[in-house]
There are 2 protein chains.
Amino acid sequence: MAEHRSSADFDLEHFLPYRLDRLADRVSEALARLYEHEHGLNVAQWRVLAWLHHQPPMTAKQIRDATRMDKARVSRAVQALEGRGLVWRRPSPHDQRWHDLRLSEAGQQLMAELIPRVREREAQLLAPLTSQEREQLLEMMARLERPLQEG
Amino acid sequence: MAEHRSSADFDLEHFLPYRLDRLADRVSEALARLYEHEHGLNVAQWRVLAWLHHQPPMTAKQIRDATRMDKARVSRAVQALEGRGLVWRRPSPHDQRWHDLRLSEAGQQLMAELIPRVREREAQLLAPLTSQEREQLLEMMARLERPLQEG
DNA sequence: GCCGAATGGTTGCACATGAAACCATATACG
DNA sequence: CGTATATGGTTTCATGTGCAACCATTCGGC
């Protein structure tokens, strides 16, 4: 049985966590040129923009829940984006602890330019899979992720 | 056609790079307890140990090629492991620039203890998939990764 | 209404990392 | 041989990150 292999033949190349990490790194690198090199956005900032584009307005907490990023990471990303005028921040009328976040005009323009190119790049990355396989892949990933939700 | 969606409905939740990164993070976190919290090993160090366990001896360059890690990252991981007496380093007789790396007794012992537990944890993570699906997943990941090999 | 706990968000700190500069050794070519 | 170049590996620097401590506001129990 596969369960009884000795530890002598342990091979990282068939170890899912490692392979997952390596692929994620490679893919991320392939995309970085678009938002990092060309627009000076890091991954955290890109994600904040993407969520604000998709579903405004949001508070930092909502972004944190959506992205599962550390709250400090979200806070710093928002700060940077606000500093560059890509995001507006307004204290919520309901609760002064929150801030409602939205894309500014400039932020919307940036995303309008960026999204089609990011989509195109994703399509290239996914080219080796049929559309059925793509669905299957995302579905399997969702199944793997579910038990790992904490909180 | 799916190709003609406007940028207005872009949703990170269905964006593969993001989903991949999130899953990889979660999985990595789930494993970290084993080698990080209990043995003070970071991911880079764990990978070096795993490769040296699997295929000794190796030079830093070979580990770098195998893991696709930055050479500085490998260098620092090896230094730390040597400092803890888990790895031996010996200048290669063929070329003084290289160093042949091997696990020390302590390193082998550590891996003998760690590998079964890591395997067990991996099995838990993979539980939501049938063994056929697991193969399929790794195979699809390999197909996605191949065009991203650089150099 | 008032005090303690909870909650959204920020900041300080320690650490890991990638890129580039750098060092030492080996190879190629005159 | 001797110099230029390539290569393995290390170090320096700037940056991003998680964690924990912290601040401000709000909520819950009395």
Side-chain angles (χ1 to χ4, degrees), chain A residues 21-22 24-26 28-33 35-37 39-48 51-52 57-84 87-101 150-151, chain B residues 21-22 24-26 28-33 35-37 40-48 52 57-84 87-101 150-151:
Chain A
D21 209 70
R22 209 176 65 185
D25 265 12
R26 282 266 164 288
S28 175
E29 197 176 283
L31 273 166
R33 196 162 320 146
Y35 45 76
E36 189 138 17
H37 297 185
H39 294 286
L41 299 170
N42 67 25
V43 178
Q45 290 160 14
W46 152 253
R47 288 181 187 170
V48 170
W51 275 104
L52 290 183
M58 296 178 85
T59 67
K61 173 72 161 78
Q62 289 173 311
I63 292 177
R64 172 172 142 56
D65 290 342
T67 60
R68 282 95 165 156
M69 293 196 292
D70 186 84
K71 60 181 181 170
R73 196 179 173 191
V74 174
S75 170
R76 286 187 267 248
V78 169
Q79 261 174 299
L81 294 171
E82 194 190 14
R84 286 179 56 180
V87 161
W88 292 119
R89 167 154 60 172
R90 197 169 49 110
S92 160
H94 306 301
D95 188 325
Q96 300 290 328
R97 290 172 302 181
W98 314 337
H99 300 266
D100 284 331
L101 304 170
E150 63 212 313
Chain B
D21 209 70
R22 208 176 66 186
D25 264 11
R26 284 264 165 288
S28 174
E29 198 176 281
L31 272 167
R33 195 162 320 143
Y35 46 76
E36 190 138 17
H37 298 183
L41 299 169
N42 66 24
V43 178
Q45 290 160 14
W46 153 253
R47 289 180 187 170
V48 169
L52 290 182
M58 296 178 86
T59 67
K61 173 71 161 78
Q62 289 174 311
I63 292 177
R64 172 171 142 56
D65 289 342
T67 59
R68 283 97 165 153
M69 293 196 293
D70 186 85
K71 62 182 182 170
R73 196 177 173 192
V74 173
S75 170
R76 286 187 270 247
V78 168
Q79 259 174 300
L81 294 171
E82 193 189 16
R84 286 180 57 180
V87 161
W88 292 120
R89 168 153 59 172
R90 198 170 47 111
S92 160
H94 306 301
D95 188 325
Q96 299 291 328
R97 290 171 303 180
W98 314 338
H99 299 266
D100 284 331
L101 304 169
E150 61 211 315

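So you know, we letter chains A, B, ... as the sequences are listed, proteins then strands, and number each from 1. These numbers come from a predicted model, not from an experiment. No hydrogens, no waters, no symmetry mates; every other heavy atom, side chains included, goes into these values.
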Just N and O in the side chain of [X]: are any of them under 4.0 Å from OP1 or OP2 of [N]?
X        : N       : result
Arg73(B) : dT17(C) : yes
Gln45(B) : dA16(C) : no
Ser75(B) : dT10(D) : yes

Heavy-atom side-chain proximity of [X] to [Y] below 4.5 angstrom:
X        : Y        : value
Asn42(B) : Arg73(B) : no
Arg84(A) : Leu41(A) : yes
Gln79(A) : Arg89(A) : yes

For residues Pro93(B) and Asp100(B), report the shortest heavy-atom separation together with the two atoms involved.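 Closest approach of Pro93(B) to Asp100(B): CD-OD2, 4.2 Å.
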For the NE2 atom on His94(A), are there more than 12 heavy atoms of other groups (residues, nucleotides or ligands in this structure) within a distance under 6.0 Å?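 Incorrect, the count does not exceed 12.
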If I take atom [atom1] in residue [X] and atom [atom2] in nucleotide [N], what distance separates them, rounded to the nearest angstrom?
X         : N       : atom1 : atom2 : answer
Arg26(B)  : dG18(D) : CZ    : P     : 11 Å
His37(B)  : dC15(C) : NE2   : C1'   : 14 Å
Gln96(B)  : dT27(C) : CD    : P     : 11 Å
His99(A)  : dG8(C)  : NE2   : P     : 12 Å
Leu81(A)  : dG9(C)  : CG    : P     : 15 Å
Asn42(A)  : dG18(C) : CG    : P     : 15 Å
Arg97(B)  : dT10(D) : CZ    : P     : 13 Å
Leu101(A) : dG8(C)  : CG    : P     : 14 Å

Let me spell it out: for each of Lys71(B) and Arg76(B), pick the nucleotide of DNA chain C with the closest heavy atom. Which residue's pick is nearer the 5' end?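 Closer to the 5' end of DNA chain C: Arg76(B).
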Using the side-chain contact (heavy atoms from CB on, under 4.5 Å) rule, pick out the option among Thr59(B), Asp65(B), Thr67(B) that qualifies with Ile63(B). Thr67(B)
Please figure out whether Ala44(A) or Gln62(B) has its closest DNA chain D nucleotide nearer the 5' end.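 Closer to the 5' end of DNA chain D: Gln62(B).
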Reckon Ala60(A) touches a base, only the sugar-phosphate, or nothing at all at heavy-atom distances under 4.0 Å?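 The answer is sugar-phosphate, as Ala60(A) gets under 4.0 Å only of primed atoms, P, OP1 or OP2.
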Name every residue in residues 63-70 of chain A that has at least one heavy atom under 4.0 Å from any atom of DNA chain D, in order of residue number, or write none if there are no such residues.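 Residues of residues 63-70 of chain A that come under 4.0 Å of DNA chain D are, in numerical order, Asp70(A).
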Do the side chain of Arg76(A) and the main chain of Val74(A) share a donor and acceptor less than 3.5 angstrom apart? no
